[in-house]
A.B. asks: 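This is the structure, below, for whatever I ask next.
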Amino acid sequence: MSQSAALRLSALSWRLSPWTLLVLCVAFIVALPVVAVLAHIFMPTEGVWQHLASTVLGRYLSNTLYLTLSIGLGTMIIGTGTAWLVVMCRFPGRRIFEWALLLPLAVPTYVIAYAYTDFLQYAGPLQTWLRDIFEWGRGDYYFPNIRSLGGAATLITLVLYPYVYLLARAAFLEQSVCVLDVGRTLGRGPWNLFATVAVPLARPAIVGGVSLVLMETLNEFGAVQFFGVDTFTTGIYRTWFGLGEQVAAAQLAACLLLFVIILVLLERWSRGKRKYFHTTNRYQQLPEYQLRGWHACGAFLACALPVLIGFLIPSGLLAEMAFTRGDNLFGTRFLDFAWNSLTLATIASIIAVGMAVILSYGLRLNGTPLTRTATRIASMGYAVPGSVVAVGILIPFAWLDSTLNSWLHANYGKIIGLVFSGTAFILIYAYVVRFLAVSFNTVEASLGKVTPSMDAASRTLGQTPAGTLKRVHTPIMRGSLFAAAILVFVDVMKELPATIILRPFNFDTLAIRAHTLASDERLAEASTASLAIVLVGILPVILLSMAMRRSRPGSKAKEG
């Protein structure tokens, strides 16, 4: 071996510290489902794929494209417009709308679908009331069908727009007043300034918010399945469980993964094409436009309608159904459903936060290209739809169970059953892969605020890296670790596609209970589990509201 090769090997062994190895292990755990899906792309399907391509694949593609385009456009308009109003305008109720516009995040898409279907269907309260008032019969009037492609797009938009609102609002708050003053001196009015100056400056944040919305749209299962809209997500479930075709389901998952990859590349391309910088360090509180009369009324309605339709009405409908016609199992098996959900969410959140600490601290200790690449791979799980994660996990673990049982039967005459793919272990694994990025982003941001001098002081006092993490960083990050755990906890409580595919037999959660009852058209009974999920979902909204309150320009010291 040459001297240069020996030096390179020595440098590599020095870089592969225990923390780096831990980061690489976490990256491998997260990447395994994606690798398993991609490995099935070119496997033969014995005509099943050809059958899907000639019958339903075109519908999967067209419906998925329609949902992504319509929901992306709708959330961009609502999120960006309301963010500008609450940041730059003064009108009645503005301070309430600052946090209230986040409330629809607490309502899963499938829950809002259940609530509005019961309310708007032919036998529902609204149409029944209209027929009684106007003495109409069937066929005497037109009423839009909520269980349609357009209905699904509308309801999903009302739930997901807060992603765009949150990032757009933060971007508007960070804009320099000097830039806006230049636009005003050039004769631009408030709305012209918004369209030609503020929105272009906030473009990276808006695109980032829309990208999150589109990823959630591709992950959507409960609402589109309930409305009978065929997408790639519902096709994966139907191909796996209806046709029993593992390879074809994996290939559909690969197609869906291709959508996600395209979205990620487009988002990065959008950010890389144009860059905006502030050329001054002088920041002042942004000017606020006092709205009066019809302008104030219009601003109030523009902010009130998304909150009313996306949160208040469905929550009220669920509460009314739960207390008058709720689940008959409430108080008996309902507690088992709640216990299963709470247990899975708690375990998954603890593991996800622990892995997030490993990733962020390993990157802090050794920020080599290898470590940065591994952390990027480990944080990509949130971009992968739950159905893809489920298929990618079930394939290798089902093979592992089959191989293990075959070996035990051949050598000992015993079969131990589905040890991996038939237990809650596989569910927790899917949740951690799916939501690790949520906790990682929170932990990394908190760890980045700790000055490196504290690490150096700890090391000079004889502490190891693990000791520094335990005695210095963890106490400082306690609040952020708790916040990250809550965010993962709530996401797990709401998660549906991976749970449906991977859950063990006779193991139901609140999400599964709500979906099962709704699929049987027992919407009133589904309201009990749905309302419980909504109540839990309010927790991260409270955290986000507190963070937004601290981010107000008035809370910062003014300069110059």
Side-chain angles (χ1 to χ4, degrees), residues 70-107 109 111-113 115-116 119-120 124-127 129-130 142-144 146 150-173 188-196 198-199 202 205-206 209-210 213 286-320 534 538 541 544-545 548-549 552:
S70 58
I71 294 172
L73 180 62
T75 53
M76 182 177 65
I77 293 174
I78 297 174
T80 307
T82 53
W84 175 259
L85 288 174
V86 298
V87 170
M88 298 297 297
C89 302
R90 296 180 61 186
F91 56 93
R94 186 197 66 166
R95 292 190 179 277
I96 296 177
F97 289 131
E98 285 181 349
W99 58 266
L101 283 163
L102 291 172
L103 288 175
L105 279 179
V107 185
T109 52
V111 168
I112 196 174
Y116 274 113
F119 183 66
L120 298 177
L126 181 58
Q127 291 200 55
W129 177 77
L130 289 174
Y142 168 78
F143 198 87
I146 187 66
T154 301
L155 293 184
I156 296 173
T157 298
L158 292 171
V159 171
L160 298 183
Y161 80 83
Y163 286 108
V164 182
Y165 164 77
L166 187 65
L167 296 181
R169 181 183 181 276
F172 290 147
L173 286 172
R188 300 185 186 274
W191 298 111
N192 199 348
L193 191 67
F194 164 73
T196 60
V199 169
I206 295 172
V210 173
V213 167
L286 293 172
E288 296 179 347
Y289 301 99
Q290 179 67 54
L291 302 182
R292 295 182 175 85
W294 288 106
H295 293 91
C297 182
F300 178 86
L301 290 177
C303 294
L305 286 177
V307 179
L308 180 66
I309 302 175
F311 178 79
L312 295 179
I313 290 179
S315 298
L317 294 173
L318 290 175
E320 188 275 334
V534 172
I538 294 177
V541 175
L544 289 174
S545 300
M548 289 173 58
R549 190 177 299 114
R552 284 193 57 80

A.B. asks: Give the minimum heavy-atom separation between Ile538 and Ala106, together with the two atoms involved.
C.D. replies: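 So the minimum-distance heavy-atom pair works out to N-CB, 3.7 Å.
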A.B. asks: Kindly write out the residues that satisfy side-chain hydrogen bond (donor to acceptor under 3.5 Å, both in side chains) with Thr109, not counting sequence neighbours, or none if the list is empty.
C.D. replies: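 Thr109 satisfies side-chain hydrogen bond (donor to acceptor under 3.5 Å, both in side chains) with Glu220 only.
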A.B. asks: Looking only at heavy atoms, which two atoms of Gln290 and Arg90 are closest? And how far apart?
C.D. replies: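 For Gln290 and Arg90, the tightest heavy-atom pair comes out as NE2-O, 3.5 Å.
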A.B. asks: Taking the side chain as everything from C-beta on, heavy atoms only, tell me whether Ile309 gets closer than 4.5 Å to Tyr116.
C.D. replies: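 Yes - at least one pair of side-chain heavy atoms lies under 4.5 Å apart.
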A.B. asks: Are the side chain of Tyr161 and the backbone N or O of Leu101 linked by a donor-acceptor pair below 3.5 Å?
C.D. replies: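 Side chain of Tyr161 to backbone of Leu101: a pair is present.
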A.B. asks: State, to 0.1 Å, how close Gly79 and Ala168 come at their nearest heavy-atom pair, and which atoms those are.
C.D. replies: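 Looking at all heavy atoms of both residues, the shortest contact is O-CB, 4.5 Å.
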A.B. asks: Report the distance from atom CG of Leu305 to atom OG1 of Thr82, rounding to the nearest 0.5 Å.
C.D. replies: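 OG1 of Thr82 is found 11.5 Å from CG of Leu305.
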A.B. asks: Given side chains that start at C-beta, do those of Ile78 and Val164 come closer than 4.5 Å, heavy atoms only?
C.D. replies: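 With C-beta onward as the side chain, the pair stays apart.
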A.B. asks: Please report the interatomic distance CG(Leu103) to CG(Leu312), rounded to the nearest 0.5 Å.
C.D. replies: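 Separation between the atoms: 7.0 Å.
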A.B. asks: How long is the gap from CE on Met88 to CZ on Arg94, to the nearest 0.5 Å?
C.D. replies: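 Answer rounded to 0.5 Å: 10.5 Å.
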A.B. asks: Measure across Thr75 and Gly72 and return the closest heavy-atom pair with its distance rounded to 0.1 Å.
C.D. replies: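 So the minimum-distance heavy-atom pair works out to OG1-O, 3.1 Å.
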A.B. asks: Roughly how far apart are Ile71 CD1 and Ile156 CD1, rounded to 0.5 Å?
C.D. replies: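 Between Ile71 CD1 and Ile156 CD1, I get 4.0 Å after rounding to 0.5 Å.
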A.B. asks: In Å and rounded to the nearest 0.5 Å, what is the CG to OG distance from Leu308 to Ser315?
C.D. replies: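 It is 10.5 Å, given to the nearest 0.5 Å.
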A.B. asks: Taking side chain to side chain contact (heavy atoms under 4.5 Å, CB included) as the test, write out the residues that go with Ile77, two or more places apart.
C.D. replies: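 In terms of side chain to side chain contact (heavy atoms under 4.5 Å, CB included), with neighbours along the sequence ignored, Ile77 is linked to Leu73.
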A.B. asks: Quick one: closest heavy-atom pair of Ala113 and Leu155, and the distance?
C.D. replies: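 Distance-wise, the nearest heavy atoms are CA-CD1, 3.9 Å.
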A.B. asks: With sequence neighbours left out, write down each residue that passes side chain to side chain contact (heavy atoms under 4.5 Å, CB included) with Glu320, or none if nothing qualifies.
C.D. replies: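 Listed in chain order: Thr324, Arg325.
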A.B. asks: With a 4.5 Å limit on heavy-atom distance, are the side chains of Ile206 and Leu167 in contact?
C.D. replies: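 Ile206 does not reach Leu167 side chain to side chain.
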A.B. asks: Please tell me if the side chains of Leu105 and Tyr165 come closer than 4.5 Å, counting only heavy atoms from C-beta onward.
C.D. replies: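 The answer is no; the side chains never approach within 4.5 Å.
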A.B. asks: Considering non-hydrogen atoms only, spot the tightest contact between Val86 and Cys303 and give its length.
C.D. replies: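 Reported closest heavy-atom pair: CG1-SG, 4.2 Å.
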A.B. asks: Just verifying a value: how many Å separate Phe91 CZ and Leu85 CG, rounded to the nearest 0.5 Å?
C.D. replies: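 Answer for the CZ-CG pair, Phe91 versus Leu85, is 5.5 Å.
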A.B. asks: With the side chain counted from C-beta on, respond yes when Leu120 and Phe143 share a heavy-atom pair under 4.5 Å apart, and no when they do not.
C.D. replies: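 Result yes, sub-4.5 Å side-chain heavy-atom pair found.
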